[in-house]
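Data first, discussion second: the structure below is written as C-alpha cells.
Given the structure is predicted, the values throughout are model-derived calculations rather than measurements. Lettering follows sequence order; numbering is per chain, from 1.
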Number of protein chains: 2
Amino acid sequence: MQSFTEENYLKTIYYLATRQEGEVTTNALAEMTATRAASVTDMLRKLADKQLIHYKKYQGVRLTEEGERLALQIIRRHRLWEVFLVEKLGFGWDEVHDIAEELEHVRSEELVTRLDTYLGYPQFDPHGDPIPTPAGQMPETGYRKLSEAGPGDSIRLMGVLEHSTAFLQHLDRCNLTLGCLVTIAEINAFDKSVLVQIESGRPVFVSHEVAKNLLVN
Amino acid sequence: MQSFTEENYLKTIYYLATRQEGEVTTNALAEMTATRAASVTDMLRKLADKQLIHYKKYQGVRLTEEGERLALQIIRRHRLWEVFLVEKLGFGWDEVHDIAEELEHVRSEELVTRLDTYLGYPQFDPHGDPIPTPAGQMPETGYRKLSEAGPGDSIRLMGVLEHSTAFLQHLDRCNLTLGCLVTIAEINAFDKSVLVQIESGRPVFVSHEVAKNLLVN
DNA sequence: ATAAAAATTTAGACTAGTCTAAATTTTTAG
DNA sequence: CTAAAAATTTAGACTAGTCTAAATTTTTAT
Ligand SMILES: [Mn+2]
Ligand SMILES: [Mn+2]
Ligand SMILES: [Mn+2]
Ligand SMILES: [Mn+2]
C-alpha cells in the first residue's frame, strides 16, 4: 500500500517519462513536486526498495512494470473523477484538477469500477486526455500539436497539454472548445501565430505559445 | 487548515459528546481512534492551541464553537458522500462507511455544495442519520430506540445506531429496511427480544441487542 | 481519611517526509 | 584532458503523529 506522497511521486515520474527520452532526473522531480532534490533522493531510495522504480545513484530513474501499473491506476482515477466533476456536478474544466488531485487517492477498487460504469465508460477526460483502461493500458491517441499543422489544414480540437486555470479560461474566451472543427486560415511568418477559422463562428488568433499546447485531430 | 488526523479527532469528540453527559475523556478517545492515551493527550494539546477544544489537564475535553462547526462540516461531507455512493453508484448501505471515511476529507466548499444540489438536498444518509445543514446545524430527529417501544406500538424504522457491516447485513437478511412500518407483536419477558410484524411480510424476531440499535418513528 | 486503583500526562523514542548545508559524482567547456 | 559547473547524494535536523514506560493526578473503596 502506498502513501499519498508515494502515489504522487509515481504519477510524476510517469508524467516526466512520457515527456522526454531516457531516465527521469532528480532535479526534474524536485521541480514538479515542489520539493528539494535531497527530499527526492530520499523518496527514490524508498520507491526503489519497494521495487516500484529502477534507480541507480546519479543515473536517474525509470518506473518498473509494477510502478507503471500503479501510476496508471492513479491517473485513471484522476481522470474519471474529472469527468464526474464536469459531467455530473457541472464544474468548469478549469476548476476540476485540484479536486481530482485529492479524489484520486481514495482507495477502493470497487469505487473506481462503479464510477466508471456510472459515467458510461468514458474514453477521455474533460481535457481530452485518454483514460487508462481498467487493465492498466494508456490508450494511444495519435494527436499532434496545433503548432505543427499547416495552412489550409482542417482539424478538430482534441486536447490540451497545459492544464492551468489561466490557459483553459483563455481557450473558453476564444470559443475554442474541445471537439470543435477549425481550419487554419493563415500562419504568421514572424511570430508563428495561427489564424484559425472555427466551424460556426468568427476567426480567432492563436499565439504560437497557445498553439503548442493544443492537441488536434 | 486541519490535517486528516485533526479532522478525525474533532469528529470523534463530537460523536462521543453526543453519547454521554459531560466532558469527553482521553481514554474514550483513545479507544475510538484506536490509538493510545498518550497520543491522544498530545493531540488534545494541539487542538486546544488551535482553539478547537476546551481542555484542562485531567479534566476531559469539549468542542469550542469553532471546533463543533468543523466537526459538523466533516460529518456533513461524510453523510452526503454516503448518499452519493448508495443512490448514484448503487453500493449497499453496509459498504459505504469506509469509503466515505476517506471522501469526507476532500477539501472543497464548492464540491460539497454541488454534490448536495446534485443529490437533491437529502435530509438523511443511508443509515437514517440526519445531514447537518450547510450553516452547520445538526437537525433534531426525535427518534427513540426500538427497545423502548411497547407491545402494540406501530412504528416506522428510521435509523441505526450501529454502522458495522455485520449489523447492517443482519438487518438486510431480516428484511428490516429503513422506512418500513412495523408493529410490535410481543416482547419476551425473559430476554427482552421483540417480535415485530413487518407491514407487508412475515413476523421477525429482533434480539434486545439489535433493538437497542434501531431507531424508530 | 487514606490507600489502592484507574485515568491521564510526561519523557523519550521512532517513522515519514521534509529541509539546509556540505560532500561527492557527473557533465561540460576550454 | 582537465578544471569548473551542475547535478546529485549524504549528513544532520525538524515536524506530525505515533508508541512504551514511568510519573502524576484523580477517583474509588475501604
Ligand atoms: Mn487533472
Ligand atoms: Mn485532465
Ligand atoms: Mn458512516
Ligand atoms: Mn452513515
Polar-atom pairs under 3.5 Å, protein N or O versus N or O of nucleotides 3-6 of chain C: list them with distances, or write none.
none

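Scored by the salt bridge (charged side-chain N to carboxylate O under 4.0 Å, His left out) test, A:Glu7 finds A:Arg77, A:Arg107 as partners (sequence neighbours excluded). Not counting sequence neighbours, A:Lys145 has no partner by the salt bridge (charged side-chain N to carboxylate O under 4.0 Å, His left out) test. A search for salt bridge (charged side-chain N to carboxylate O under 4.0 Å, His left out) contacts involving B:Asp129 returns nothing, not counting sequence neighbours. Legend: residues meeting side-chain hydrogen bond (donor to acceptor under 3.5 Å, both in side chains) with A:Asp191, ordered by chain and number and at least two apart, are A:Ser193. Applying the ring pair (Phe, Tyr, Trp, His ring centres under 6.0 Å) criterion to B:Tyr9, with sequence neighbours excluded, gives no partner residue.
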statement: Read 5' to 3' with Watson-Crick or G-U pairs under 3.5 Å, [ ] for crossing pairs and | for partners on another strand, DNA chain D gives ||||||||||||||||||||||||||||||
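Side-chain contact of A:Asn188 with A:His208: a donor-acceptor pair under 3.5 Å is absent, judged by distance alone.
For residues 54-66 of chain B, every residue pair satisfying the side chain to side chain donor-acceptor pair (under 3.5 Å) rule, not counting sequence neighbours, is listed here: B:Glu66-B:Arg69. Sequence neighbours left out, the pairs with a member in residues 85-103 of chain A that pass salt bridge (Lys or Arg N to Asp or Glu O under 4.0 Å) are A:Lys11-A:Glu101. Within the structure, salt bridge (Lys or Arg N to Asp or Glu O under 4.0 Å) contacts touching residues 108-119 of chain A (residues at least two apart or in different chains) are A:Arg76-A:Asp116, A:Glu110-A:Arg114.
Here the nucleotide nearest the side chain of A:Tyr9, chosen from D:dT9, C:dT8, C:dT18, is C:dT18.
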query: How would nucleotides 19-28 of chain C be written as a contact map, 5' to 3', with B for base contact, S for sugar-phosphate-only contact and - for no contact, using protein heavy atoms under 4.0 Å?
result: BBB--BSS--
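Using a 4.0 Å heavy-atom cutoff across all strands shown, B:Phe4 reaches no nucleic acid atom at all. Within the nucleic acid shown, B:Thr41 comes within 4.0 Å of at least one base atom, counting heavy atoms only.
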Ignoring hydrogens and angles, write down the donor-acceptor pairs under 3.5 Å from the side chains of residues 36-44 of chain A, residues two or more places apart or on other chains.
from, atom 1, to, atom 2, distance (Å)
A:Thr41, OG1, A:Ala37, O, 3.1

